[in-house]
A.B. asks: 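My questions all concern the structure below.
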Amino acid sequence: MSESLVARVKALEEEVERLRAQLKEQKDGAASKNYETNVRPEPNPAVMDSHGSKGTRHKGKRGGQERPFNFSAHPRRHVALRLAYLGWEYQGFAVQENTDNTVEARLFEALLKTKLIPDRQSSNYHRCGRTDKGVSAFSQVISIDLRSTQFCGGLGVTVPENTEASAKSKPDTAELPYVKMLNRVLPQDIRVLDWAPVEANFSARFDCQSRTYRYYFPRGDLDVKLMAEAVKRYEGTHDFRNLCKMDVGNGVLQFQRTILSASVMPTQPCHVTSTDPYDLYVFEVKGLAFLYHQVRCMMAVLLLIGQKLETPDIIDQLLDVESNPRKPQYSMAVDYPLVLYHCHFEGVNWRRESEEMSLVLNSLQHHWTQSAIRGQVLHAMIQDLHNTGGGPSLQCCLMEGSRQRNYRPLLERPRCESLESRIQHFVKRGRLEREEGENGEESVFRGKRSKNSHQSPQTEEMSSTQQQDQS
């Protein structure tokens, strides 16, 4: 009896296993059939209805492929954009090979993201000037070709040749809101202020009439009256090789620049007669163009004069390159108080979007509120310590490097290499090329174009005497 029962149980177990295997096969087959019949095909990017239906304007759910944007179907417009940025957290304005933390890198990320340009190389891009690490700008200007809606043409507009006639019959079409589009994707410390349509050959670099820089500093124990008198010696056309970083390796071989005006004044007119060491002053300099680190070197010498470590005639001596052809070794002023304050252009009609300007002002007011309150907190702590225990006066802390215990006059210090020595050094390294002059003229040197350069042919043809602003 027990043997027959055991045999029956085994038979039932085998039947159960068979049924399980059969059921599994049926489930697998049904799943495969459902996948083949119910899965949605990838949308065809070549097929697009008039409303831009879902699946044609966005990424496919499975493939992750984005439909290429057809820039050739849109007009291009040559425009100028005016920017403001707080440069304290960036490694300068211009794109660099060793970092992507630059203002220009963020700007081109925004231009590509908004599909205003296909790429940098074909965008006909020029910048008004380069600002160094930590330097800000109230009015940086660039010129560039952007996508446009103006099929009927207009200032700076290039219309594609194969455009249908129906597309050209809309003369009242509004231009793209360039300021709004870019500010929505740019970091909060980089803002586009306004834009202007310009002629196709307009260059933000070569059509700039003048550039104005400002350097802010506290009065401290500086003799600001002496600084205001000394600064006038910068005005005029001079050779500033002793008041800049000689960028010979990039082909800058001519150091004559023209300073239109230079001044030292309080930021608030009511502080003219004040002696409060915490009053803020500004060194303002306006010129046609500037050399690498020129403004910071000019400010460094002014600070030495303000501390009465040098006399005002040190400026005349540094500008006399026949008597002093080699720059004395000295530290330049720190970067964060320097601002590219204004770039002047003739005949450019800026277009401002009032709503966007309100947003920019709100953002800047937010920055100011935080900074002003922090500054006042620090000031109150300093005042309290002064009231309870005295202490040293506000000393100048705007020079790079450590403060010298025993000051050594500039003209008694070791000198940097001469211009001629630097030229020969970079010729040997292959960074400069000698070009023979025509009709017996003296040969000249020109810098080779770097692999990271994105300048237009027009830019490449300019001589080294027309180097762009680099302060």
Side-chain angles (χ1 to χ4, degrees), residues 69-85 90 92-96 100 102-131 137-151 153-160 174-187 190-209 211 340 343-353 356 360 452-462 468-470:
F69 192 88
N70 185 11
F71 283 93
S72 64
H74 297 266
R76 290 159 63 99
R77 188 167 206 168
H78 196 52
V79 306
L81 298 177
R82 195 163 66 93
L83 316 171
Y85 52 85
Y90 295 95
F93 180 78
V95 165
Q96 301 175 35
D100 65 351
T102 65
V103 176
E104 201 172 69
R106 299 287 86 78
L107 176 60
F108 271 92
E109 286 175 5
L111 289 165
L112 292 168
K113 187 173 184 178
T114 53
K115 298 292 190 295
L116 289 175
I117 62 170
D119 52 62
R120 174 170 176 157
Q121 288 75 11
S122 64
S123 65
N124 192 20
Y125 170 72
H126 281 178
R127 65 175 85 89
C128 181
R130 303 165 66 103
T131 52
F138 295 169
S139 186
Q140 173 72 276
V141 176
I142 68 167
S143 54
I144 193 168
D145 289 349
L146 300 182
R147 174 167 58 91
S148 172
T149 60
Q150 304 303 296
F151 285 93
L155 181 59
V157 175
T158 302
V159 180
E175 186 54 278
L176 290 171
Y178 296 129
V179 175
K180 181 177 181 179
M181 292 172 70
L182 290 170
N183 283 344
R184 291 301 178 272
V185 295
L186 281 167
I190 304 174
R191 299 286 87 184
V192 180
L193 302 180
D194 34 35
W195 73 279
V198 290
E199 297 288 349
N201 60 354
F202 174 87
S203 167
R205 174 181 174 186
F206 298 114
D207 288 315
C208 182
Q209 302 298 307
R211 300 165 174 88
L340 176 56
C343 300
H344 178 66
F345 295 86
E346 294 287 350
V348 175
N349 297 313
W350 297 104
R351 299 185 181 184
R352 177 165 294 181
E353 300 170 16
E356 282 304 305
V360 170
N452 199 43
S453 173
H454 298 287
Q455 296 174 340
S456 66
Q458 176 193 5
T459 305
E460 294 177 52
E461 292 171 3
M462 302 301 289
Q468 73 185 89
D469 176 64
Q470 302 182 70

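Being a predicted model, the structure only gives us computed values, none of them experimental.
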A.B. asks: Taking the six-membered ring for Trp, are Trp350 and Phe345 parallel (under 30°), tilted (30 to 60°) or perpendicular (over 60°)?
C.D. replies: perpendicular

A.B. asks: Give me the atom names and distance for the closest heavy-atom approach of Ser123 to Asp119.
C.D. replies: CB-O, 3.5 Å

A.B. asks: Test Tyr178 against Val192 for side-chain contact (heavy atoms from CB on, under 4.5 Å), laying out the working first.
C.D. replies: CA-CA 9 Å; Tyr178 296 129; Val192 180; over 6 Å; no

A.B. asks: Rounded at 0.5 Å granularity, tell me how far CZ in Phe71 sits from NZ in Lys115.
C.D. replies: 6.5 Å

A.B. asks: Are Arg205 and Arg130 packed together at the side-chain level, in the sense that at least one heavy-atom pair is separated by less than 4.5 angstrom?
C.D. replies: no

A.B. asks: Of all residues at least two apart in sequence or in a different chain, which pass the ring-ring contact (aromatic ring centres under 6.0 Å, His included) check with Tyr90?
C.D. replies: none

A.B. asks: Would you compute the distance between atom OG of Ser203 and atom CG of Asn124 and round it to the nearest 0.5 angstrom?
C.D. replies: 8.5 Å

A.B. asks: Is there side-chain contact between Val79 and Ile144, with heavy atoms separated by less than 4.5 Å?
C.D. replies: yes

A.B. asks: Below 4.5 Å, heavy atoms only, C-beta onward: do Leu146 and Leu111 meet side chain to side chain?
C.D. replies: yes

A.B. asks: Side chains of Asp145 and Ile117: closer than 4.5 Å at any heavy-atom pair?
C.D. replies: no

A.B. asks: Is Arg147 close to Met181 at the side-chain level, that is, under 4.5 Å between some pair of heavy atoms?
C.D. replies: yes

A.B. asks: Could you tell me the separation between the CZ atom of Phe93 and the CG atom of Leu340, rounded to the nearest 0.5 Å?
C.D. replies: 9.5 Å

A.B. asks: Taking all non-hydrogen atoms of both residues into account, name the closest pair between Ala84 and Leu193 and its distance.
C.D. replies: CB-CD1, 3.9 Å

A.B. asks: Using 4.0 Å as the upper bound for N to carboxylate O, is an ion pair formed by Glu104 and Arg127?
C.D. replies: yes

A.B. asks: Just by distance, do the side chain of Asn183 and the backbone of Arg191 share a donor-acceptor pair under 3.5 Å?
C.D. replies: no

A.B. asks: Determine the minimum heavy-atom distance between Ala204 and Cys208, stating which atoms define it.
C.D. replies: O-CB, 3.6 Å

A.B. asks: How far apart are the C-alpha atoms of Leu176 and Arg77, what are their side-chain angles, what is the distance that settles it, and do they pass the side-chain contact (heavy atoms from CB on, under 4.5 Å) test?
C.D. replies: CA-CA 10 Å; Leu176 290 171; Arg77 188 167 206 168; over 6 Å; no

A.B. asks: Evaluate the side-chain contact (heavy atoms from CB on, under 4.5 Å) criterion for residues Phe69 and His74: first the C-alpha distance (whole Å), next the side-chain angles of each, then the deciding distance (0.1 Å), finally the verdict.
C.D. replies: CA-CA 10 Å; Phe69 192 88; His74 297 266; 3.6 Å; yes

A.B. asks: Is the shortest distance from a Lys or Arg side-chain nitrogen in Glu175 or Arg351 to a carboxylate oxygen in the other one below 4.0 Å?
C.D. replies: no

A.B. asks: Which atom pair, heavy atoms only, marks the closest approach of Ser139 to Cys343?
C.D. replies: O-SG, 3.2 Å

A.B. asks: Is a side-chain N or O of Gln140 found less than 3.5 angstrom from the main chain of Phe138, in a donor-acceptor match?
C.D. replies: no

A.B. asks: Specify the closest pair of heavy atoms between Pro160 and Ser72, including all atoms of both residues, with the distance to one decimal.
C.D. replies: CB-O, 3.2 Å

A.B. asks: Taking salt bridge (Lys or Arg N to Asp or Glu O under 4.0 Å) as the test, write out the residues that go with Arg352, two or more places apart.
C.D. replies: Asp194

A.B. asks: Is there a donor-acceptor pair under 3.5 Å between the side chain of Arg106 and the backbone N or O of Asp100?
C.D. replies: yes

A.B. asks: Taking atom CG as the centre, does Asn349 end up with more than 12 heavy-atom neighbours from other residues, nucleotides or ligands that are less than 6.0 angstrom away?
C.D. replies: no

A.B. asks: Using a 4.5 Å cut-off on heavy atoms from C-beta on, say whether the side chain of Leu107 contacts that of Ile142.
C.D. replies: yes

A.B. asks: Is any side-chain heavy atom of Phe202 closer than 4.5 Å to one of Val348?
C.D. replies: yes

A.B. asks: So, for Ala110 and Leu186, which heavy atoms are closest and what is the spacing to 0.1 Å?
C.D. replies: CB-CD2, 3.7 Å

A.B. asks: Do the rings of Tyr125 and Phe108 sit parallel, tilted or perpendicular, given the 30° and 60° boundaries?
C.D. replies: perpendicular

A.B. asks: Please tell me if the side chains of Leu182 and Thr114 come closer than 4.5 Å, counting only heavy atoms from C-beta onward.
C.D. replies: yes

